[in-house]
Amino acid sequence: HGVGMSQYGAYGRAADGHTAEDILEFYYPGAELTVEEMPNVKVHLHSGTGTQIDPVDAPSDSDADNIEIVDGEGNLIFNHRNGRRLTVTRVPGGFEVRRNNATGTRNLCIDDQGADLCQVDELRFRFQQGSPTEVDVINQISIGTTDNHYQWGELAVYARDFAPDSTMWVVLEDLTMDQYIYGLAEVPASWPDATLQTQAVAGRTYAYDRIVSRRASSSWDFPWDLYSTVDDQVYHGYDKETGSFGANWTANVDATSDQVMLYNGDPITAFYSSSNGGWSEDSGYVFVTSLPYLIAQPDEYDSYQNPNASWTRDYTGAEVARWFARIQSVGSVGNAVVDVTVGGNIGESGRKDRATVTVVGTDRTREVSGNTFRNVINLGVASEGGGLSRQVLSTLYDVAVLGGEEPIGSVDRVSRSGQNVTVRGWVFDPDSPEPVQV
């Protein structure tokens, strides 16, 4: 989207000697770097019919693989100490927690009197802080993360109260803000300190703003503050902390502890993206509301070691026509697209989110927004097995119709029989292998 901070731009600025405060001031002009008391964080990991919890292998004299299973009121259900996998699934009225044993599986919810202690709407799994635990989804039903390790907070599972009602939410709770930022997998931890500090402040500010606004909203009734995906920010937990240069990342998080960007005393909406193509965009053009600290401005550093600072994609007219025909709300333009023009509401940066793209096909012409045009192509590429290398990476694009050679051909014979006239000949379009409509 190109709004706010460019991560590659921050990288280039740090490499050129800019401090984190300099970088933040450039990308969020008018906002003030401030120390604030931070709330704890609740992160949605995934949703599905169940989840698997794997404690790490630990020495026999250690409590590192100990997990307490409690209900929503904190009442102990079971003290799991043998380090084996726990499988948690939804059952009518609550949950089932099973542990693999040498003789099979045991339902840990059943007490010595045969009562089922997991007929509840919420279960919590308290693991030892600093001891990583792997959490995997079973039958994922929505966007989320899985197969990651976590070493802070505690795991909570909630009965999902709408269809499909046989599913659960899995949430990591009671994280301090810095523990949350430790696991933020947004930039390589090998990048310069000033870049990492800038990212830590931007990520913390983004989280702080989302937490404050969602907790105050009567329409937000989910048991978490943030998603662990690009719906908010990519959170990988322990795997980020202990990955390559992980200690470098956590040290820079600590160096900025409790630092956030405020505007008129409130946390800013600290949007950022991987790259802005050399020019950031006004938030009002991309996200409806113009904010004084999210403006359109040139960014000379965005191209620093950036493999996607510029890119080119080539498509045939037949491909684009095929992809338009896939989307019912857009509609077919015929066998091939013969021309594309872009005009209208173009952003100050040159982005085409709200521009009008006119697509001329062999049968008809369609007008779509620049954002829709991009989405049609990307969905079409993905439907045919293509990846990012064939997709349009942003709305900062220009369209050129290449080749454009006129079809050639010959009328070889014209004959008449009664009221019928027959024309025979041939035609060839150098730009397309598709049949040509005459």
Side-chain angles (χ1 to χ4, degrees), residues 40-141 144 146-162 164-175 179 222-225 228 237-238:
N40 280 2
V41 182
K42 300 178 181 180
V43 186
H44 172 268
L45 299 183
H46 50 248
S47 304
T49 59
T51 193
Q52 292 179 331
I53 304 169
D54 278 306
V56 297
D57 294 330
S60 58
D61 58 350
S62 166
D63 286 332
D65 61 356
N66 182 49
I67 296 178
E68 289 184 347
I69 305 172
V70 300
D71 62 21
E73 303 298 322
N75 301 308
L76 182 66
I77 293 174
F78 193 85
N79 193 0
H80 174 61
R81 300 183 61 88
N82 72 358
R84 293 197 178 106
R85 170 181 292 177
L86 300 177
T87 300
V88 187
T89 54
R90 275 293 305 275
V91 295
F95 303 93
E96 184 176 84
V97 183
R98 288 196 169 271
R99 180 181 71 188
N100 291 330
N101 292 330
T103 57
T105 63
R106 175 185 174 186
N107 185 355
L108 304 184
C109 295
I110 308 302
D111 68 9
D112 294 339
Q113 286 72 46
D116 188 344
L117 304 181
C118 295
Q119 289 290 294
V120 293
D121 292 331
E122 174 188 347
L123 285 182
R124 308 181 76 82
F125 298 82
R126 295 174 175 168
F127 47 83
Q128 298 298 310
Q129 299 301 281
S131 175
T133 300
E134 183 178 0
V135 183
D136 296 328
V137 69
I138 299 173
N139 298 326
Q140 185 162 310
I141 61 167
T146 188
D147 196 29
N148 289 324
H149 296 75
Y150 309 99
Q151 66 170 341
W152 308 118
E154 67 182 41
L155 204 66
V157 298
Y158 294 90
R160 220 164 160 260
D161 56 3
F162 52 87
D165 57 7
S166 58
T167 57
M168 65 176 69
W169 288 310
V170 180
V171 182
L172 192 63
E173 301 188 352
D174 293 333
L175 295 164
Q179 287 170 347
F222 297 108
W224 63 81
D225 302 309
S228 59
Y238 175 82

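For the atom pair CD1 (Ile138) and OG1 (Thr167), the distance works out to 12.5 Å, reported to the nearest 0.5 Å. The structure places CD of Glu73 at 8.0 Å from CD of Glu122, a figure rounded to the nearest 0.5 Å. The distance from atom CD1 of Ile69 to atom SG of Cys118, rounded to the nearest 0.5 Å, is 7.0 Å. A distance of 5.5 Å separates CG of Leu86 from CD1 of Ile67, quoted to the nearest 0.5 Å. Within the model, atoms CZ of Arg126 and CD of Glu154 stand 5.0 Å from one another, a figure rounded to the nearest 0.5 Å. Residue Asp136 holds its CG atom at 7.5 Å from NE2 of His46, rounded to the nearest 0.5 Å.
Scanning both residues, Gly83 and Pro55, for their nearest heavy atoms gives O-CD, 3.8 Å. For the pair Asn148 and Tyr150, the tightest heavy-atom approach, listed with the atom from each and the gap, is CB-OH, 3.3 Å. Of all heavy-atom pairs spanning Phe127 and Leu155, the tightest one is CE2-N, 4.0 Å. The shortest non-hydrogen separation linking Asp174 to Gln179 is O-OE1, 4.2 Å. Nearest heavy-atom pair across Cys109 and Asp116 is CB-OD1, 3.5 Å. Annotation for Ser228 and Val43: closest pair CB-CG1, 3.8 Å, computed over non-hydrogen atoms.
Between Leu123 and Met168 the shortest side-chain heavy-atom distance does not fall below 4.5 Å. Two residues are said to be in side-chain contact when any heavy atoms from C-beta on lie closer than 4.5 Å; Phe125 and Val157 meet this criterion.
A salt bridge (charged side-chain N to carboxylate O under 4.0 Å, His left out) check over residues 85-98, counting only residues at least two apart or in different chains, returns the pairs Asp54-Arg85, Glu96-Arg98.
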**Worked check of side chain to side chain contact (heavy atoms under 4.5 Å, CB included) between Glu134 and His149** = CA-CA 4 Å; Glu134 183 178 0; His149 296 75; 3.5 Å; yes
**Asked** Yes or no on side chain to side chain contact (heavy atoms under 4.5 Å, CB included) for His80 and Ile53, after CA distance, side-chain angles and deciding distance?
**Response** CA-CA 11 Å; His80 174 61; Ile53 304 169; over 6 Å; no
**Request:** Step by step, work out the side chain to side chain contact (heavy atoms under 4.5 Å, CB included) result for Ile77 and Leu108.
**Result:** CA-CA 8 Å; Ile77 293 174; Leu108 304 184; 5.9 Å; no
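Using bins of under 30°, 30° to 60° and over 60° for the plane-to-plane angle, the ring pair Trp169/Trp224 lands in the perpendicular bin.
Checked by atom type and distance alone, the side chain of Gln52 never pairs as donor or acceptor with a backbone atom of Val135 at under 3.5 Å.
The side-chain hydrogen bond (donor to acceptor under 3.5 Å, both in side chains) search around Tyr158 returns Glu173, not counting sequence neighbours.
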